[in-house]
Amino acid sequence: MSLLNFFTRNRSAPVARDRLQVLLAHERALSGRPDLVAVLQQEILAVIAKHVPIDRDKVVVKLDRGAQVSTLAIDIEMPHEARGRR
Amino acid sequence: MCCMSKVMVVTSGKGGVGKTTSSASLGAALAQAGQNVVVVDFDVGLRNLDLVMGAERRVVFDLVNVVQGDAKLPQALIRDKRIETLSLLPASQTRDKDALTEEGVARVIDELRERFDWIICDSPAGIEKGAMLAMRFADLAVVVANPEVSSVRDSDRIIGMLDSKTQRAENGDRLEKHLLLTRYDAGRAARGEMMKVEDVLEILAIPLLGIVVESPDVLTASNMGSPITLHNPASAAARAYTDAARRLLGEDVAVSAPPQRQGFISRLFGRKAAAA
């Protein structure tokens, strides 16, 4: 199999290995607390909801797991009439 | 209720025959044809569709979160970065399949029907709860089989379940079933080492949706996290999926005879020549 790969210059295997390494590192790290992102989102939303009414349908959560850093982005739409209320 | 959208289960009974690859490829091909498509991973606990579609780094919520109300559907949908009409609803990696309930899945499918033309349910292997729920609400089914005895036998079993355990079957409605033959090697079939297309069709007696030849291009696409119709549209496998998608859309496309693979020497030295 490695001989075959050598001759056919298939460059996709290193990509597969890198993708798996990043993914599995995250999955193993989270094995104790799989719902970390859900918990984070809930607590962050609860804090904001104390001050501004939130429509849960308008909340966009984006995650990008990287090898060195991951980014979690939570977009919350705040309606205009929310100002001055409460 | 919207009647235009179609719920299509991709199933096989046996594992490793190409359900997930075919779900991703048919989904991408339909989306490339302008359809609004979501591919739903029903393999709770062993998800892989995210990896095959190259979205594994972006999974936040999943099918179980939506079924249990922990997340709204739009939050769990992941839009493909290459085709904007293609979305993915991942399975949960950490729960077991008992986290899915029939009522919950019915609710999610209804909600998906309002947003998409095609809802492709990527079934787990086996005949347990996950596989049952993946087919439960299907309007049509793609049965993926390899020309190999255990795969064909399991496919026959699954066809029996499609005809008895789905909502359509219980209501006496018609459920279209299509056979997608994958990992086919025309050379070996010609030499009598592998069952021929006609043999499998005669045994299973459902219409043929397409023949996907055994090809290293499929592995490459999966390594890259890109459906093959995107990664290598000119390859024989990609063309088979694109033609299959056209047939699903009602076009009359003849199933072309699968190309024979090159011999050992050309395979060793010149695989790219055939793919180009």
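Computation of the quantities below employed the complete heavy-atom set of this structure, encompassing side-chain atoms and omitting hydrogens, waters and symmetry-equivalent molecules. Letters A, B, ... are given to chains in the order of the sequence lines, protein chains preceding strands, and every chain is numbered from 1.
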Legend entry - Salt bridge present between A:Asp64 and B:Arg57 (N-O < 4.0 angstrom):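 Salt bridge: yes.
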Atom group of [X] that falls short of 4.5 Å from chain A, counting heavy atoms:
X       : answer
B:Leu51 : both
B:Ser92 : neither
B:Glu56 : both

Rounded to the nearest 0.5 Å, what separation is found between the [atom1] atom of [X] and the [atom2] atom of [Y]?
X        : Y        : atom1 : atom2 : result
B:Asn65  : B:Lys72  : CG    : NZ    : 13.0 Å
A:Leu23  : A:Asp18  : CG    : CG    : 12.5 Å
B:His231 : B:Ser226 : NE2   : OG    : 6.5 Å
B:Leu26  : B:Lys19  : CG    : NZ    : 13.5 Å

Legend entry - Any pair counted as salt bridge (Lys or Arg N to Asp or Glu O under 4.0 Å), so long as it reaches residues 98-108 of chain B, sequence neighbours left out: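 Counting only pairs at least two positions apart or across chains, the salt bridge (Lys or Arg N to Asp or Glu O under 4.0 Å) contacts touching residues 98-108 of chain B are B:Glu102-B:Arg136.
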Legend entry - Portion of A:Leu72 that has a non-hydrogen atom of chain B nearer than 4.5 angstrom: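 Contact with chain B involves no heavy atom of A:Leu72 at all.
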Inset, instruction - With a 4.5 Å cut-off on heavy-atom pairs, point out which of B:Met224, B:Gln93, B:Arg58 contacts chain A the most. - result: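 Highest number of pairs under 4.5 Å: B:Met224.
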Inset, instruction - Tabulate, in ascending numerical order, the residues of residues 78-86 of chain B having at least one heavy atom closer than 4.5 Å to a heavy atom of chain A, or enter 'none'. - result: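 If one takes a 4.5 Å heavy-atom cut-off, no residue of residues 78-86 of chain B lies near chain A.
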Legend entry - B:Asn146-B:Ser151 side chain donor-acceptor pair, cut-off 3.5 Å: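 No, no side-chain donor-acceptor contact under 3.5 Å.
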Inset, instruction - Start with the C-alpha distance between B:Thr21 and B:Tyr241, add both sets of side-chain angles, then the distance that settles side-chain contact (heavy atoms from CB on, under 4.5 Å), and finish with yes or no. - result: CA-CA 10 Å; B:Thr21 302; B:Tyr241 283 118; 4.2 Å; yes
